[in-house]
Amino acid sequence: MGKDIDHDILELRGSSISYFTGKMENYFRLKGIPYRLEAMNFPSEVKRNQERIGISQMPVVGLPDGRWMTDTTAMIRWFEDAYPDNPVVPEDTVQTFVCFLLEDWADEWWWRPAMHYRWFYDEGARFASGHLAREVMGGLHLPLFVKRAVLRRRQRNGYTRGDGIGRAAVAGVEADVAALFSQLEAIFSKRRFLFGDRPTLADIGFSGPFFRHFALDPIPLQLLRHTAPNTLEWVMRLWNCSPESLQGDLLEGIPDDIHALLQHMARGYLPYLNANVEAIRQGKSTFTTEVDGVTYTQARSSHYRVWCLSELRSRFNSVPQDVRPGLQALLTDTGMWEALWEQGDLPLSEAQESRLPFWADHKMLQVNS
Ligand SMILES: N[C@@H](CCC(=O)N[C@@H](CS)C(=O)NCC(=O)O)C(=O)O
């Protein structure tokens, strides 16, 4: 197992409060892959990241042979090939496809509400700006209060107000999160992980928004304690996993409570992805769209998320023929099917993101460092 990489410890460069760094850590711990977390320094590492992996984002992973990697989705795929024992995807191909859907939703849709709860409220912004100023801006010779102010402004301009959450959208975004908490609570009050007695890629995906945001930042943590204690336990249960945890049984098929998650995803994320495709096609850097009753005003467009949609389509196209009709029926019932194919040819650049995980063509959202 892991023939080419098991002689040394991997270097994971990121932050101890970052969404995607936390997702990667949950994966490494579950698989029993040793790693060392190092703080990524800003702004001194920006250029180095661009040279190594094409863009600057966290986390990046250094292999003992000197290669550098990025993008948690692509890295997990790569590590699953390198460490084939105890796979994190189910044997059932329909469940596997649903895991890919849920991972993508967790990565791309729940990012914005997670950033909202961290940076919109003073409690979150005070905690996160202090932590990040000390952790990743230590090499910058500026007073602490200036670093904190710079961070707060950057994150609000980049990811909350500057990514479509105007005042009028706040209540809708928070209601969306409350709906997710209640759906997950219904699941985790019945079983240990999303698909049964062992974690899958879908649990790893949801560790992104939950482990380092909803279950860490003051306001959503308080909400979880009071409205979704079983979900809070799941966050820690997943973190406390090891390869032995990958032995339990999974349920058969797709349970009704997972259908409910897919319906939720179909209401908000897929219409948003389609509006984003349209914006990229028209060369717009921001766009305004109403999805699931919430108006996002001048949200940032994302080339990366056009690729996410194309990946979901390719994943569907590689599902074996004999299970496709059943999967298509599930996607139709949950409102996903039409939205998945609504846009014709996607506006991707040539061979976009084809060198992942060793090179990325686009950041998820282009925000200047
Ligand atoms: N798709 C990427 C997204 C990584 C990402 O966007 N990470 C955030 C921090 S958790 C970041 O570095 N953003 C870049 C920035 O803020 O400049 C992944 O899965 O790793």
Side-chain angles (χ1 to χ4, degrees), residues 12-28 35 37-50 52-62 68-79 100 102-119 128-129 131-133 135-137 150-160 162-163 201 204-214 216-217 273 276 300 302-312 352-353 355-369:
L12 177 70
R13 300 193 70 78
S15 155
S16 62
I17 63 166
S18 127
Y19 197 103
F20 289 98
T21 309
K23 178 186 170 195
M24 210 56 207
E25 287 190 83
N26 271 279
Y27 172 73
F28 283 151
Y35 67 93
L37 175 64
E38 298 281 349
M40 183 182 275
N41 289 301
F42 283 91
S44 62
E45 279 186 55
V46 169
K47 195 154 170 277
R48 196 165 82 185
N49 283 331
Q50 286 164 345
R52 282 174 172 167
I53 52 148
I55 59 172
S56 185
Q57 68 180 8
M58 56 174 67
V60 295
V61 171
W68 288 89
M69 313 167 91
T70 189
D71 195 279
T72 55
T73 304
M75 286 193 284
I76 290 172
R77 197 192 292 196
W78 189 89
F79 279 105
F100 293 139
L102 295 178
E103 184 199 19
D104 193 53
W105 189 40
D107 284 354
E108 309 301 328
W109 181 252
W110 296 106
W111 166 264
R112 180 166 36 203
M115 295 306 266
H116 162 73
Y117 273 121
R118 175 165 291 177
W119 295 103
S129 66
H131 185 103
L132 289 172
E135 186 187 23
V136 301
M137 291 170 95
V150 167
L151 273 165
R152 196 182 283 220
R153 204 184 53 225
R154 176 193 193 270
Q155 300 302 80
R156 286 179 177 169
N157 287 342
Y159 297 122
T160 62
D163 189 26
L201 181 65
I204 296 294
F206 273 101
S207 73
F210 277 84
F211 180 58
R212 289 279 165 65
H213 280 258
F214 294 147
L216 179 67
D217 293 333
L273 272 188
N276 177 66
R300 284 170 189 270
S302 166
H303 287 274
Y304 176 80
R305 289 179 181 155
V306 177
W307 177 77
C308 290
L309 178 58
S310 95
E311 280 291 287
L312 295 180
Q352 187 181 324
E353 318 304 343
R355 287 176 289 171
L356 283 175
F358 293 101
W359 189 265
D361 296 314
H362 295 283
K363 285 174 75 155
M364 179 176 77
L365 292 172
Q366 189 56 50
V367 171
N368 296 327
S369 292

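Counting starts at 1 for both ligands and their atoms, in listed order. Just so you know, these numbers come straight off a predicted model, no measurement behind them.
Residue-to-ligand polar distances keep Phe20 apart from ligand 1: every N/O pair is separated by 3.5 Å or more. In terms of polar-atom proximity, Ser56 is not counted as a contact of ligand 1, lacking any N or O under 3.5 Å from an N or O of the ligand. Between Thr21 and ligand 1, a contact under 3.5 Å exists for no N or O pair.
Shown here for Ala74 and Leu356, the closest heavy-atom pair between the two residues is CB-CB, 3.7 Å. Of all heavy-atom pairs between Ser56 and Asn49, the closest is OG-ND2, 3.1 Å. Of all the heavy atoms in Leu132 and Ser15, the pair that sits closest is CD2-OG, 3.5 Å.
Heavy atoms of Trp111 found under 4.0 angstrom from ligand 1 belong exclusively to the side chain. With a heavy-atom cut-off of 4.0 Å, Arg154 touches ligand 1 through its side chain alone. Only the side chain of Lys363 comes within 4.0 Å of ligand 1, counting heavy atoms alone; its backbone N, CA, C and O stay farther away.
Set against the non-hydrogen atoms of Ser18, the atoms of ligand 1 under 4.0 Å away are 10 (S). Within the listing of ligand 1, atoms 1 (N) sit less than 4.0 angstrom from a heavy atom of Tyr304. Close contacts of ligand 1 with Tyr19, meaning ligand atoms under 4.0 Å from a residue heavy atom, involve 10 (S). With ligand atoms numbered from 1 in the order given, ligand 1 contributes 13 (N), 14 (C), 15 (C), 16 (O), 17 (O) to contacts under 4.0 Å with heavy atoms of Tyr159. Near Met364, with a cut-off below 4.0 Å to any heavy atom, the atoms of ligand 1 are 6 (O).
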Take Glu311 and Thr73 through the test side-chain contact (heavy atoms from CB on, under 4.5 Å) and record every step on the way to the result.
CA-CA 11 Å; Glu311 280 291 287; Thr73 304; over 6 Å; no

Starting from the C-alpha separation in whole Å, work towards a yes-or-no answer on side-chain contact (heavy atoms from CB on, under 4.5 Å) for Met69 and Trp78.
CA-CA 10 Å; Met69 313 167 91; Trp78 189 89; 3.3 Å; yes

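With hydrogens and angles left out, the side-chain atoms of Glu25 and Tyr35 include a donor and acceptor closer than 3.5 Å.
Residue-ligand proximity: Asp71 is placed with a non-hydrogen atom under 4.0 Å from ligand 1.
Residues Glu45 and Arg52 are not paired through a salt bridge, judged by the lack of any N-O separation under 4.0 Å between the basic side chain and the carboxylate.
Here the CZ-OG1 distance, from Arg118 to Thr160, works out to 12.5 Å after rounding to the nearest 0.5 Å. Going from atom OG of Ser18 over to atom CD of Gln57 covers 9.5 Å, rounded to the nearest 0.5 Å.
Of the candidates Met115, Glu108, Met58, Met58 brings a heavy atom nearest to atom 8 (C) of ligand 1. Nearest-heavy-atom check against atom 4 (C) of ligand 1 across Gln57, His213, Lys23 picks out Gln57.
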